[in-house]
S.K.: 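One structure, as structure tokens, below. Some questions next.
Residue numbering restarts at 1 for every chain, and letters A, B, ... go by the order of the sequence lines.
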Protein chains: 2
Amino acid sequence: MTTRNKPIYFEQLHSQQRRIFNFIKRFMDRHSYGPTMREIMIGLDITSTSVVDYHVNRLVEAGFLEKVPSISRGLRIPDHYLEPPNSVSVPMLNEVVTSFAECVPYQGCRHEIPTEWLRGKAANDVYALRVNTHLMYDAMVNDGDVVVLRRQNRLNDGEIGMVMLPAKNETRIRRLKYEGEWVCLEPLMSVMQPVRYRRDEIQIVGKVLGLMRQF
Amino acid sequence: MTTRNKPIYFEQLHSQQRRIFNFIKRFMDRHSYGPTMREIMIGLDITSTSVVDYHVNRLVEAGFLEKVPSISRGLRIPDHYLEPPNSVSVPMLNEVVTSFAECVPYQGCRHEIPTEWLRGKAANDVYALRVNTHLMYDAMVNDGDVVVLRRQNRLNDGEIGMVMLPAKNETRIRRLKYEGEWVCLEPLMSVMQPVRYRRDEIQIVGKVLGLMRQF
DNA sequence: CTAGGCAGAGAACAAAAGTTCTGTTTGAAA
DNA sequence: TTTCAAACAGAACTTTTGTTCTCTGCCTAG
């Protein structure tokens, strides 16, 4: 843990400390290494390295910087203060899974998805799945498409998910509507008709986050 | 330009130089800064910094490393020797464009696409386009989908592209088949019928690289 | 007013780190 | 074998760079 007691917001920092923080970030973008005390001093027109050292230590205390003592250019900006990546990598599986235990050692193919699709949640149970001809999905999903799922066994009313119909041993992408003991699977294309099942007839495989199709 | 005369492959390097190169890369992954001569020396069980310096200079000459003289931890691995990013960012536009001149100053919304979609080509003329209800595309493309296009005015026979029908002032995503003076636009859904146009009746907007749909 | 903490100045110091120099070993080519 | 360049060893040297110390001005609580 850090040494700070209460969370400090960037805006609450001393203006000098904000300048130094921003300088370090810009410097690291431009070069592949961090700045020295003296480079910060010169770059920000500060008159002494001790002043830089002073504020750097304040920034470290506040958790905005990490520093390896006595190591030259040993400043680091913690990950959570860097730009969040706008894409994340998820495992690419060949078949529907209801548990990740079966594929934990699998480190093979992965697929990149926009961070936005996670809607702020972790990517733990998210995986990508390439649709093959055996799985006939909704008409809006084509053969060869990559469907991104979050593995979960429950869905809220109105959410779109992948469900398995054990009777037919088939999976479908449908919008779920709950009606008492029944669940209504609505196709995404309005020309098709919704079908109603008993809740225990179907198994929810996951929530559908997105779809990628390469032409 | 670099000082090297002929291209050198990594495998042709002295084994010691390969070890040093790999060490630097691993070190940079672990820490946020590069190693010093001495750290390389200790890490690889080399007996003198001069040996490290020697091989580092060979690597710089061969173009595998960049080095800022006299700067501590000033080693850098050129971009083309790092892992290529598996996603790239392209501009996100609101309407079909036939030239990028009209949107060069536009630095706003961008969208992440898998590098794979570029099929090795540059991302220069690639942009993303969110489909709205006014543009009724092929049935496999839904309202709200993001279509990724490479802006180009020509397509090879059999390629899928976005074309504009000036008569109707509408755009469509179709597979193009050339038949002499005619071009046949084949829908991606087999239930729909292909339509034949004269070549000068339609304008090719771009090649469709992929599609992304967030649920 | 005064004490004390915070920010800044300036300088010196010590450690880290790049560079250079001389000499030795090694291995392949002549 | 001889020769020569590449590779290695060891050490010293210089520059870079982090750290520390003292002193000063400023502001505020008491």
Side-chain angles (χ1 to χ4, degrees), chain A residues 3-6 8 10-24 27-28 30-62 64-77, chain B residues 3-6 8-24 27-28 30-77:
Chain A
T3 53
R4 75 183 135 146
N5 300 318
K6 49 187 175 182
I8 297 175
F10 188 69
E11 291 70 24
Q12 297 176 327
L13 290 173
H14 195 288
S15 83
Q16 192 76 299
Q17 283 156 30
R18 286 202 300 268
R19 288 178 72 214
I20 290 177
F21 181 86
N22 290 328
F23 180 84
I24 293 171
F27 191 99
M28 286 178 163
R30 265 197 270 281
H31 311 73
S32 59
Y33 44 79
T36 65
M37 297 293 180
R38 264 160 260 264
E39 283 166 341
I40 298 173
M41 180 185 83
I42 295 168
L44 294 181
D45 227 33
I46 298 171
T47 45
S48 171
T49 57
S50 68
V51 177
V52 177
D53 185 63
Y54 174 78
H55 288 296
V56 162
N57 286 330
R58 297 295 85 72
L59 283 165
V60 171
E61 285 170 8
F64 286 90
L65 274 185
E66 287 169 14
K67 172 176 155 181
V68 187
S70 294
I71 292 296
S72 66
R73 304 181 184 279
L75 292 176
R76 228 184 74 82
I77 292 181
Chain B
T3 52
R4 75 182 134 150
N5 300 319
K6 49 186 176 183
I8 297 176
Y9 297 103
F10 187 69
E11 290 70 24
Q12 297 175 328
L13 289 174
H14 195 288
S15 84
Q16 192 76 298
Q17 284 156 32
R18 286 203 300 269
R19 287 177 72 214
I20 290 176
F21 181 87
N22 290 328
F23 179 85
I24 293 170
F27 191 100
M28 285 178 162
R30 264 197 271 281
H31 312 72
S32 60
Y33 43 79
T36 65
M37 298 292 180
R38 265 161 257 267
E39 283 165 344
I40 298 173
M41 182 184 82
I42 295 168
L44 294 181
D45 226 34
I46 298 172
T47 46
S48 173
T49 57
S50 68
V51 176
V52 177
D53 185 62
Y54 174 77
H55 288 295
V56 162
N57 287 330
R58 295 297 84 73
L59 283 164
V60 170
E61 284 171 9
F64 286 90
L65 274 185
E66 287 169 13
K67 173 174 153 180
V68 187
S70 293
I71 293 297
S72 67
R73 303 180 187 280
L75 292 176
R76 228 185 74 81
I77 292 181

S.K.: Going through the checks in order, is the side-chain contact (heavy atoms from CB on, under 4.5 Å) test met by B:Ile71 and A:Arg73?
M.R.: CA-CA 10 Å; B:Ile71 293 297; A:Arg73 304 181 184 279; 3.1 Å; yes
S.K.: Kindly point out which of C:dA7, D:dT19, D:dA11 is positioned nearest to the side chain of A:Asp53?
M.R.: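 Of C:dA7, D:dT19, D:dA11, D:dT19 is nearest to the side chain of A:Asp53.
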S.K.: Of all the nucleotides listed (C:dA9, D:dA9, C:dA17), which has the minimum atom distance to the side chain of A:Ile71?
M.R.: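 Within the option list, the nearest is C:dA17.
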S.K.: Atom NE2 of A:His14 and atom C1' of D:dC27: how far apart are they, to the nearest Å?
M.R.: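 Computing the A:His14:NE2 to D:dC27:C1' distance gives 12 Å.
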S.K.: Compare the minimum distances between each of C:dA17, C:dA9, D:dG10 and the side chain of B:Thr36, then state the nucleotide with the smallest one.
M.R.: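 The answer is C:dA17.
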S.K.: Regarding A:Asp45 and A:Arg19, does a basic nitrogen lie under 4.0 Å from an acidic carboxylate oxygen?
M.R.: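 Salt bridge absent between A:Asp45 and A:Arg19.
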S.K.: Separation of B:Asp45 atom CG from D:dC8 atom P, in whole Å?
M.R.: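 About 13 Å, once rounded to whole Å.
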S.K.: Just verifying a value: how many Å separate B:Ile20 CD1 and B:Phe64 CZ, rounded to the nearest 0.5 Å?
M.R.: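 Going from the CD1 atom of B:Ile20 to the CZ atom of B:Phe64 covers 13.5 Å.
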S.K.: Evaluate the ring planes of B:His14 and B:His55, with Trp represented by its six-membered ring, and classify them as parallel (under 30°), tilted (30 to 60°) or perpendicular (over 60°).
M.R.: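 Rings of B:His14 and B:His55: tilted, as their planes differ by 30° to 60°.
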S.K.: Take the protein atom CD1 of B:Ile42 and the nucleotide atom P of C:dG18, then report the distance between them rounded to whole Å.
M.R.: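 Those two atoms, CD1 and P, are 12 Å apart.
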S.K.: Please tell me which of the listed nucleotides, C:dA17, D:dA7, D:dT16, lies nearest to the side chain of B:Arg58?
M.R.: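 Nucleotide nearest to B:Arg58's side chain: D:dA7.
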S.K.: Identify all pairs in which a protein N or O lies below 3.5 Å from an N or O of nucleotides 21-24 of chain D, and state each distance.
M.R.:
none

S.K.: Round to the nearest Å and state the distance from B:His55 atom NE2 to D:dA6 atom C1'.
M.R.: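 Taking NE2 of B:His55 and C1' of D:dA6, I get 9 Å after rounding.
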S.K.: On the 0 to 90° scale, with breaks at 30° and 60°, tag the A:Phe27-A:His31 ring pair as parallel, tilted or perpendicular.
M.R.: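 Geometry flag for A:His31 against A:Phe27: parallel rings.
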S.K.: D:dT17 C1' sits how many Å from A:Met37 CE, rounded?
M.R.: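 From A:Met37 CE to D:dT17 C1': 9 Å.
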S.K.: Of all residues at least two apart in sequence or in a different chain, which pass the salt bridge (charged side-chain N to carboxylate O under 4.0 Å, His left out) check with B:Arg58?
M.R.: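 Expected list: B:Glu61.
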S.K.: Base, sugar-phosphate alone, or nothing: which one does B:Ser72 contact when heavy atoms must sit under 4.0 Å apart?
M.R.: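 Touches sugar-phosphate only.
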S.K.: If you check the A:Tyr54 side chain, which of C:dC6, D:dC8, D:dT19 turns out closest?
M.R.: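 So the side chain of A:Tyr54 is nearest to C:dC6.
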S.K.: If I take atom CD1 in residue B:Ile40 and atom C1' in nucleotide C:dA16, what distance separates them, rounded to the nearest angstrom?
M.R.: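 My rounded result for the distance is 15 Å.
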S.K.: Would the base of C:dG18 count as contacting B:Ser70 through its side chain, where contact means a donor and an acceptor less than 3.5 Å apart?
M.R.: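 No.
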S.K.: Distance check, rounded to the nearest 0.5 Å: A:Thr49 atom OG1 versus A:Glu39 atom CD?
M.R.: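 Going from OG1 on A:Thr49 over to CD on A:Glu39, the span is 12.5 Å.
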S.K.: Starting at CZ of A:Arg73 and ending at C1' of C:dA15, how long is that distance when rounded to a whole Å?
M.R.: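 It works out to 16 Å between those atoms.
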S.K.: B:Arg38 versus B:Val52: any side-chain heavy-atom pair under 4.5 Å?
M.R.: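 Side-chain contact under 4.5 Å: no.
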S.K.: Between atom OH in A:Tyr33 and atom P in D:dG18, what is the gap in whole Å?
M.R.: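 After rounding, the reported distance stands at 13 Å.
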S.K.: Between C:dA17 and B:Lys67, is there an OP1 or OP2 to side-chain N/O distance shorter than 4.0 Å?
M.R.: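 B:Lys67 to C:dA17 OP1/OP2: no side-chain N or O under 4.0 Å.
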S.K.: Look at the side-chain N and O atoms of B:Gln16 and state whether any lies under 4.0 Å from the OP1 or OP2 oxygen of D:dC8.
M.R.: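 B:Gln16 to D:dC8 OP1/OP2: side-chain N or O found under 4.0 Å.
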S.K.: Is any side-chain nitrogen or oxygen of B:Arg38 closer than 4.0 Å to OP1 or OP2 of C:dA16?
M.R.: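 So the side chain of B:Arg38 is outside the cut-off, no N or O lying under 4.0 Å from OP1 or OP2 of C:dA16.
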